[in-house]
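Take a look at the structure set out below.
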2 protein chains.
Amino acid sequence: MPARMPKKNLIVARSAQQGLFEVGAPTIAAAPQPEPKARPARGPAAVKREDATSMAARQREISISEFFTKNRHLLGFDNPQKALLTAIKEAVDNSLDACEEAGILPELIVEIHEVGEERFRIAVEDNGPGIVRAQIPKIFGKLLYGSKFHRLKQQRGQQGIGISAAGMYGVLTTGKPVRVLSKIGARSPAHLFEIAIDTQKNAPVVHKDIEIPWDKEQGTRVEIEMEATYKKGRRSVDDYIEQTALANPHVTLRYLAPKEDVKLFLRVAADLPVESKEIKPHPYGVELGILLRMMKDTASRNVVAMLSNDFSRVSPAVAEQICRVAGVKGDADPRRVSVAQAELLFRAIPKVKIMAPPTACLSPIGEELLTRGLQTRVPCDFATAVTRPPSVYRGNPFQVEVGLAYGGQLPADDLMELYRFANRVPLQYQQSACAITKAVLSVDWKSYGLAQSKGALPTAPLVVSVHVASVWVPFTSESKESIASYPEILKELRLALMEAGRRLGAFVRHRRRVADEEKKRSYIEKYIPHIGDALQQILGLTDAKRNRTVEDLKSILEHSRKV
Amino acid sequence: MPARMPKKNLIVARSAQQGLFEVGAPTIAAAPQPEPKARPARGPAAVKREDATSMAARQREISISEFFTKNRHLLGFDNPQKALLTAIKEAVDNSLDACEEAGILPELIVEIHEVGEERFRIAVEDNGPGIVRAQIPKIFGKLLYGSKFHRLKQQRGQQGIGISAAGMYGVLTTGKPVRVLSKIGARSPAHLFEIAIDTQKNAPVVHKDIEIPWDKEQGTRVEIEMEATYKKGRRSVDDYIEQTALANPHVTLRYLAPKEDVKLFLRVAADLPVESKEIKPHPYGVELGILLRMMKDTASRNVVAMLSNDFSRVSPAVAEQICRVAGVKGDADPRRVSVAQAELLFRAIPKVKIMAPPTACLSPIGEELLTRGLQTRVPCDFATAVTRPPSVYRGNPFQVEVGLAYGGQLPADDLMELYRFANRVPLQYQQSACAITKAVLSVDWKSYGLAQSKGALPTAPLVVSVHVASVWVPFTSESKESIASYPEILKELRLALMEAGRRLGAFVRHRRRVADEEKKRSYIEKYIPHIGDALQQILGLTDAKRNRTVEDLKSILEHSRKV
């Protein structure tokens with residue numbers, strides 16, 4: 001190896017084959033000393049800034065609440081306008097999930113009150129099952145606490161972060177605690193709480209805990225005061241409320257924006273969506289580390305029972321086959337299986353044919369409601385929708401739906417508009433980061449008759465509405481604004497978009513043909529009378545004869561065009 | 001309000017002015033009952049699925065490790081190729097930060113060993129200060145633990161998540177613990193640890209803790225075995241290593257990829273970058289909630305002292321002015337200040353003129369090194385760089401740099417290429433989500449002579465390299481792949497891009513003019529001899545006279561064109 005500084009800073013040396021970089025336990029110490037310093041930068045004493053001991057003194061634990069306070073843009077609180085939206089969205093998600101889980105047709109109230117300059121008090125109230133008193137402080141005053149994280153089920157919430165983060169943002173910007181009113185039944189009292197988060201401990205601090213009368217049978221009302229701004233237009237709360245009504249036709253929603261009249265969105269579907277079922281993990285998606293932990297935590301007494309009880313689609317026969325392929329005894333105690341044996345099982349799983357995960361856990365909107373929703377919202381000439389069959393990523397079932405509206409009064413010279421939904425929740429921010437956007441960009445819209453520049457969305461009078469439903473939506477951040485680009489999800493998105501695109505292409509081509517016809521027809525209508533006049537002169541026809549000839553000519557030409 | 005279901009699902013009622021939606025404590029109970037159900041969906045008993053009590057039984061705490069195991073795409077572990085990159089990146093970030101903090105010119109070894117199908121063992125070794133034994137388990141076996149989170153300082157790492165998450169991913173996919181070897185000085189022993197995370201507790205489990213000989217004075221070596229794939233090309237580890245060398249000219253790096261010879265990147269700058277200083281928060285960026293906590297936690301005895309000791313750029317005189325504007329006593333005990341008084345102080349801060357935050361905390365790459373780096377990497381005709389003066393978002397100083405290379409052998413028909421860096425770390429994924437990309441898209445590149453379609457990057461033989469340095473980079477997710485779009489950051493990015501764009505525009509226009517000249521010149525050279533022949537015939541010139549006339553004509557035309 002060269003001792004002097006070479007002209008280029010890239011050299012290919014030939015030491016790898018000599019085993020210098022072996023990394024096993026005994027040879028780790030034999031890793032070569034790096035190149036001596038090219039030249040001493042300054043006197044080492046002058047450069048010395050810190051050492052291991054002084055650095056160790058600064059190491060400390062970071063509470064999850066501190067982490068998200070500093071990184072609040074991860075939760076959707078990067079600016080006052082978005083903060084307002086995010087807080088309302090988190091509260092509405094919780095209300096809808098709770099109502100649906102309890103089998104109650106949701107009736108929500110959403111209010112935004114302006115209480116000062118850049119300061120608002122939001123309130124979200126539902127007719128859901130309410131929350132038992134003991135749980136209220138933790139649900140609203142502790143991040144990473146909830147009932148949904150450990151379940152594989154299509155729900156709006158999944159993290160146990162959202163609503164407590166909204167409350168934390170309220171305290172951060174106004175010092176005011178969150179107010180929660182909840183009642184679990186006609187004969188129970190209503191509890192009014194005031195709760196703040198102690199961010200250093202990630203624990204609730206209860207400021208008030210009293211019973212008050214509430215003339216509602218059951219339900220929950222959350223109020224948060226926060227620094228925020230309220231705006232109309234794209235990505236506004238108004239927009240969110242409308243899109244929520246669109247994707248949740250079973251919901252009645254009363255909405256009060258600042259300085260406005262109450263808007264009432266009545267349900268158009270009188271039934272709750274089919275209940276999404278909770279499922280167990282599918283073995284095809286499991287990781288070795290998860291399998292190891294499941295083995296340790298299982299209630300089953302032997303490996304075959306563990307595999308068939310703790311996974312979906314694994315019958316005892318399939319479990320036995322996995323053990324056989326792995327060469328692991330089926331009656332072994334799963335808690336005593338070694339890492340090496342677990343790895344054998346792990347490697348055997350993909351070699352055994354196992355049924356795809358059950359898909360009753362998913363509750364798509366459906367082609368009919370999607371098309372109808374678009375037609376209501378968008379004054380278009382053509383609308384269609386595609387609901388794909390369920391598919392699986394990392395063991396999690398998911399399903400993609402695409403609706404599409406074209407023409408009408410949509411602007412023809414702008415880029416198309418994209419509505420995105422995940423588990424019926426509208427996604428309004430981070431469009432460009434989303435797998436949905438990437439899929440739309442990856443489709444060749446020119447082949448469906450639209451104009452599209454390299455790297456851009458098509459320029460067309462087009463609205464595309466995409467819904468991804470899953471037992472676990474992989475969002476790109478905790479603010480749940482866009483979906484991560486897992487290859488399986490991208491593939492399904494593309495298939496759905498291309499099917500909708502083909503239908504659109506047929507319509508666009510047909511319309512273009514009709515327009516061409518129209519143009520030709522107008523030529524015929526324009527020139528044939530002149531031909532008639534010319535023939536009359538040449539052949540000395542009577543006016544009647546001329547007229548008949550013109551009519552004959554027209555119908556012959558019409559006929560030949562049709563053929 | 002209508003009792004029957006109306007045709008449209010949107011009604012404007014007039015109840016807001018009647019105070020029905022008042023939300024104060026006594027009136028909260030007076031919130032109106034929502035619209036009665038449009039029609040009962042099914043028998044209530046049939047629909048009843050869950051109630052508050054059954055739901056409460058499922059509420060539980062979620063450990064941060066469980067959270068990130070399930071959401072591992074948030075940390076950059078969505079697929080095996082990216083997992084390899086992310087793990088190496090986190091280890092390299094830590095090594096470089098540690099070396100620089102200790103004032104040591106970094107000499108790194110990065111190795112990737114293929115140990116099976118889709119299975120690799122990575123190793124990153126440095127000559128840094130090492131880690132004291134007691135800290136090793138937590139640093140590598142506990143998420144949200146570290147020394148950087150609570151400091152306002154330009155560093156690569158900031159969260160205390162990265163390296164332990166990489167280890168967790170290793171355990172998750174292979175069951176193998178992380179191996180760490182560390183030595184803090186010539187006379188200290190080297191400690192070899194094997195550490196796994198207990199994800200349910202977010203705590204380290206130490207499998208091995210021994211002393212072994214290591215013929216290195218000091219340093220740290222981390223080895224992680226993981227499921228991964230190694231690929232060449234864009235977004236590869238190779239690419240990352242090259243870009244890292246580009247943005248860190250003071251680093252020597254030895255890189256061993258699978259089945260390759262060792263590549264050695266020698267440093268081209270012999271000095272460490274100027275040390276970035278730690279700063280205190282600036283009062284303009286503080287939130288009320290943070291101010292309240294700082295008041296509670298301060299070591300100062302009165303409000304004036306607290307403000308001047310705990311904030312940057314607040315002298316006692318400025319602190320007194322804040323108190324005066326707020327109407328709060330400067331000698332009050334900060335721990336006893338009420339929320340209302342704190343809010344008065346909070347509202348007074350923006351009304352008092354306070355110097356901008358110090359910017360010695362930032363360490364940009366610099367225009368010269370940026371230009372030189374681009375010229376080395378990209379065979380171009382034109383290169384330039386712009387380093388903007390430091391600016392501030394949310395109280396955090398930051399600085400933007402843009403380098404730009406044009407022409408040469410770059411492909412003219414492709415979209416331009418964008419390199420992104422944050423605190424000298426290359427960002428390779430989530431390009432479209434990044435504020436840098438948004439800024440590039442928002443610039444009108446047509447005005448600098450480039451082709452650009454609506455909503456797309458310009459199509460040009462162009463590479464743009466952008467560096468954002470800050471004491472706290474607001475990433476859009478924990479995987480630190482893209483920067484959040486804070487308005488102040490977007491503005492600085494645009495200013496830097498437009499300045500570089502103007503310079504490029506001047507070059508492009510000049511080159512176009514030269515090309516036009518060339519064309520005209522070739523016309524002159526083509527036709528003047530013919531004119532000479534014609535003149536010779538008309539005027540009966542001698543050959544010599546004709547030649548002289550042609551030369552004269554040429555020089556006159558050249559001259560007139562230049563004028």
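In the text below, chain A, chain B and the rest are named by the order of the sequence lines, each starting its count at 1.
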Exercise. A:A98 versus chain B, heavy atoms under 4.5 Å apart: side chain, backbone, both or neither?
Worked result: both
Problem set entry | Residue, of A:Q158, A:K138, A:R151, that accumulates the most heavy atom pairs under 4.5 Å with chain B | A:R151
For this session: Verify salt bridge (Lys or Arg N to Asp or Glu O under 4.0 Å) between B:R58 and A:E101, making sure each step is shown before the conclusion.
Result: CA-CA 13 Å; B:R58 265 199 312 275; A:E101 198 158 354; 2.6 Å; yes
Problem set entry | Any side-chain heavy-atom pair of B:Q59 and A:I131 under 4.5 Å | no
Exercise. Is A:S432 reaching over with its side chain to a backbone N or O of B:S432, donor-acceptor style, under 3.5 angstrom?
Worked result: yes
Problem set entry | chain B contact via A:L441 - side chain, backbone, both or neither, heavy atoms under 4.5 Å | neither
For this session: To the nearest 0.5 Å, tell me how far B:L288 CG sits from A:T173 OG1.
Result: 7.5 Å
For this session: Kindly give the heavy-atom pair with the smallest separation between A:L172 and B:E287, and that separation in Å.
Result: O-CB, 3.7 Å
Exercise. Of the listed residues (A:L457, A:T199, A:D414), which shares the most heavy-atom pairs with chain B below a 4.5 Å separation?
Worked result: A:T199
Exercise. Taking the six-membered ring for Trp, are B:H73 and A:Y486 ring centroids under 6.0 Å apart?
Worked result: yes
For this session: Can you tell which part of A:Y169 gets under 4.5 Å to a heavy atom of chain B, answering side chain, backbone, both or neither?
Result: neither
Problem set entry | Closest non-hydrogen atom pair, B:T69 against A:I290 | CG2-CD1, 3.9 Å
Exercise. Who are the salt bridge (Lys or Arg N to Asp or Glu O under 4.0 Å) partners of B:E227, not counting sequence neighbours?
Worked result: none
Problem set entry | Straight-line distance of A:S147 OG to B:M55 CE, nearest 0.5 Å | 6.0 Å
For this session: Could you tell me which portion of B:D78 (side chain, backbone, both or neither) has an atom closer than 4.5 angstrom to a non-hydrogen atom of chain A?
Result: both
Exercise. What is the distance from atom CZ of A:F149 to atom OG of B:S63, rounded to the nearest 0.5 Å?
Worked result: 7.5 Å
Problem set entry | Proximity breakdown for B:D297 and chain A, heavy-atom pairs closer than 4.5 Å | side chain
Exercise. Heavy-atom distance under 4.5 Å to chain A: side chain of B:K148, backbone, both or neither?
Worked result: neither
For this session: Please state whether the side chain, the backbone, both or neither of A:Q200 comes within less than 4.5 Å of a heavy atom of chain B.
Result: side chain
